[in-house]
2 protein chains.
Amino acid sequence: MTATKQGAPTLEAVAERAGVSRATVSRVVNGSPKVSPEVLESVRAAIAELGYVPNRAARTLASKTTHAIALVVPEDIARFFGDPFLAATISGIHDRLEESDYVLNLMVASDKPDGKTLRYLQGGNADGAVVVSHHTSDSFLAALTEALPVVFGGLPVETVTGGYVVDVDNVEGGRTAARHLVEIGRKRVAHLAGPQHMRAANERAQGFVEALVEAGLEPGPVVSGDFTMRGGAEAMRAILAADPDIDGIFVSSDLMATGAMPIILSAGKSIPGDVAVVGFDDSPAALTTDVPLTTVRQPSEYMGATMVDIILDVLAGHRDRERVTMLPTELVRRASA
Amino acid sequence: MTATKQGAPTLEAVAERAGVSRATVSRVVNGSPKVSPEVLESVRAAIAELGYVPNRAARTLASKTTHAIALVVPEDIARFFGDPFLAATISGIHDRLEESDYVLNLMVASDKPDGKTLRYLQGGNADGAVVVSHHTSDSFLAALTEALPVVFGGLPVETVTGGYVVDVDNVEGGRTAARHLVEIGRKRVAHLAGPQHMRAANERAQGFVEALVEAGLEPGPVVSGDFTMRGGAEAMRAILAADPDIDGIFVSSDLMATGAMPIILSAGKSIPGDVAVVGFDDSPAALTTDVPLTTVRQPSEYMGATMVDIILDVLAGHRDRERVTMLPTELVRRASA
DNA sequence: TTGTAAGCGTTATCAG
DNA sequence: CTGATAACGCTTACAA
């Protein structure tokens with residue numbers, strides 16, 4: 001009955017069916033306010049009956065806008081998807097975009113400034129881009145921001161001046177963790193930090209130290225791990241070797257904490273009795289530990305949603321908005337501290 | 001000099017510059033053989049000088065082909081990306097597609113047969129689709145296969161008759177694991193299976209039993225876990241309780257094995273001395289265990305690449321090819337068995 | 001508020 | 001081998 005096979009129904013078909021012109025149908029489809037209620041109603045009915053879906057190519061050609069947002073991810077796509085924080089961020093990006101009529105194009109940044117991704121984007125094949133890569137070359141990023149509106153997710157952008165940025169307040173997050181440890185009475189608090197070459201890791205460490213100093217306490221041992229479980233275990237051993245008497249520790253990622261906690265336990269210490277542990281992320285890993293992990297939550301999903309809000313806002317014409325948006329962290333108290 | 005600002009140069013501009021018609025330029029761009037050497041040369045020069053890039057939308061509109069492939073993933077996108085097997089598959093899909101001039105559109109299957117994703121695809125906005133969802137409604141999938149060429153990755157498709165399928169031979173994988181255990185002299189072999197409602201899990205269990213029976217051995221305890229670390233630990237306890245004297249075990253996923261192995265060790269048994277362990281997947285998890293895990297590898301990345309090969313082949317007109325492609329598994333021998 | 005008509009940049013069908 | 005000339009499906013002034 002409905003769709004008369006022969007390819008998808010067109011605007012034309014809907015117009016005929018509803019007894020109006022193509023232009024009117026177009027207005028309805030695009031939510032123009034200047035359409036009378038009755039016409040609106042009948043056009044909608046016709047659209048539903050015919051199962052009409054706008055042809056993206058035609059629309060793009062006529063309007064010079066693609067209605068597509070590019071999701072730019074790091075080259076190393078497999079490892080990338082294994083990261084729960086980024087997975088959640090993408091989830092947020094997707095869900096928010098789903099509410100709009102934009103489509104998400106998955107692009108992998110080849111890092112080289114002359115790569116396929118960049119050319120594609122420079123060719124005007126997307127209206128805007130959200131990039132969640134943490135290690136892409138500056139020249140690539142700079143070229144990108146010149147080609148189209150871009151929103152970066154948690155990026156070290158000192159050198160990239162274009163684009164918008166959504167980030168988490170890592171310094172405050174580090175402070176939150178340390179303060180909590182202090183509040184529950186810990187006096188000798190260590191820090192299992194992230195890689196020293198990562199900005200977020202350093203900021204967390206900075207906040208940690210600040211809060212301790214603020215409380216009149218001297219920071220315990222600080223050792224860096226590589227944000228993996230195994231790295232967390234290794235660093236934990238080093239910390240215990242440096243000071244066996246710590247009674248609290250702030251670990252820069254939940255994943256590292258899952259590696260560190262068994263080490264603490266096998267050293268004959270209880271959690272949180274002897275050593276209180278606070279993680280960072282509030283990733284699923286925080287719930288897999290024997291004693292549920294108290295951690296500082298990053299609003300990863302919300303971060304993705306925010307990135308989309310911003311890009312859509314910019315595309316809507318508000319190019320003068322804040323360039324940097326800082327999202328707050330939050331302590332999630334469970335059993336480990 | 002080159003591009004005359006005002007938007008990107010068009011076919012028209014190139015034609016004028018080269019002193020030929022639009023049609024001729026189009027032929028050159030699309031590699032038509034019927035173009036004289038001189039003309040070819042001058043058109044190429046014009047293209048280079050102007051920095052011409054074909055407009056995708058116009059091309060799609062005129063040719064009725066989008067040069068886009070939709071990657072359809074399950075609704076639960078966050079959890080999805082956390083799965084290393086699927087992440088690797090996507091990686092394979094992406095990498096192979098990167099070599100072609102197709103673009104990847106990320107779509108999330110809303111599962112409802114009337115969802116946005118389906119309508120988008122029915123609207124002809126992609127030439128083909130690769131779906132890696134394991135739990136999507138049949139009606140959705142059926143509608144999908146009627147709308148465009150589809151390749152499924154490892155799917156229970158008894159009820160879906162359309163589309164192409166790439167899958168791993170799970171039965172053979174289960175056999176491989178069991179045979180290895182037998183070959184290294186184990187006599188009392190248990191199986192830590194996956195969820196009973198998952199086809200792949202059942203097939204592995206089936207292969208396991210077959211190989212044991214074939215070897216004249218009676219299968220040891222078989223207990224299901226939920227494919228998580230914690231689930232693996234729980235099931236392991238049940239198995240040990242059922243039969244403390246097992247000397248070998250095939251675990252249906254590496255992740256569950258990482259949960260099971262500590263249980264074995266804390267029961268005072270050595271690995272592989274007292275109990276040999278074989279996992280499944282060859283995921284990164286297999287390398288995080290104290291004693292590196294011997295496992296049955298799934299060619300996850302290759303699976304993605306194969307899916308792309310098939311969809312491109314079908315789009316190239318070879319619709320009469322095999323509908324099901326079975327990929328082999330492979331034993332990766334490490335220390336645990 | 002609604003309709004008319006002129007494109008948008010390519011491809012494709014014919015002639016030549 | 002090359003060039004007109006229709007489509008392709010939609011948006012968008014401009015009229016009505």
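Each chain gets a letter, A, B and so on, in the order its sequence line appears, and its residues count up from 1. Keep in mind that the numbers below use all heavy atoms, side chains included, and drop hydrogens, waters and symmetry copies.
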Who are the side-chain hydrogen bond (donor to acceptor under 3.5 Å, both in side chains) partners of [X], not counting sequence neighbours?
X: B/Arg59; value: B/Asn30
X: A/Thr65; value: A/Asp127
X: B/Arg22; value: B/Glu12
X: B/Ser300; value: none

Handout entry: Integer-rounded Å distance: C/dG9 C1' and B/Lys64 NZ
Key =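 It works out to 15 Å between those atoms.
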Practice task
Rounded to the nearest 0.5 Å, what's the gap from OG1 on B/Thr66 to CG on B/Asn105? Could you check?
Solution key: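 Here the rounded value is 7.5 Å.
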Problem - Bend angle of the helix from C/dT1-D/dA16 to C/dG16-D/dC1, end axes from five pairs each (to 10°) - result: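 Rounded value for the end-axis angle: 30°.
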What donor-acceptor contacts under 3.5 angstrom involve side-chain atoms of residues 316-326 of chain B, with partners at least two apart or in another chain?
| unit_1 | atom_1 | unit_2 | atom_2 | d |
| --- | --- | --- | --- | --- |
| B/His318 | ND1 | B/Asp313 | OD1 | 2.6 |
| B/Arg321 | NH1 | B/Asp313 | OD2 | 2.9 |
| B/Arg323 | NE | B/Gly163 | O | 3.3 |

Practice task
Using the test side-chain contact (heavy atoms from CB on, under 4.5 Å), find all partners of B/Ala305 that sit at least two apart in sequence or belong to another chain.
Solution key: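 Only B/Arg96 meet the side-chain contact (heavy atoms from CB on, under 4.5 Å) criterion with B/Ala305.
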Problem - For A/Tyr302, all residues meeting side-chain contact (heavy atoms from CB on, under 4.5 Å), sequence neighbours excluded - result: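 Scan of A/Tyr302 (side-chain contact (heavy atoms from CB on, under 4.5 Å), adjacent residues dropped) gives A/Pro299, A/Thr306, A/Leu327.
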Fill in the blank from the handout: Protein heavy-atom contacts under 4.0 Å, written 5' to 3' over nucleotides 10-16 of chain C as B (base), S (sugar-phosphate only) or - (none), form the string BBB----
Exercise for the section: Give a yes/no answer on whether the side chain of A/Thr24 brings an N or O atom under 4.0 Å of OP1 or OP2 in C/dT2. Expected result: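 No, A/Thr24 has no side-chain N/O under 4.0 Å of OP1/OP2 on C/dT2.
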Practice task
With sequence neighbours left out, write down each residue that passes ring pair (Phe, Tyr, Trp, His ring centres under 6.0 Å) with A/Tyr120, or none if nothing qualifies.
Solution key: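 Not a single residue meets the ring pair (Phe, Tyr, Trp, His ring centres under 6.0 Å) criterion with A/Tyr120.
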Exercise for the section: Hey, could you give me each pair passing ring-ring contact (aromatic ring centres under 6.0 Å, His included) that has a residue in residues 37-62 of chain B? Not counting sequence neighbours. Expected result: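 Every pair satisfying ring-ring contact (aromatic ring centres under 6.0 Å, His included) with a residue in residues 37-62 of chain B: there are none.
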Practice task
Extract, from 5' to 3' on DNA chain D, the first and final nucleotides lying under 4.0 angstrom from some heavy atom of chain B.
Solution key: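 Footprint of chain B along DNA chain D, 5' to 3': D/dC1 to D/dG9.
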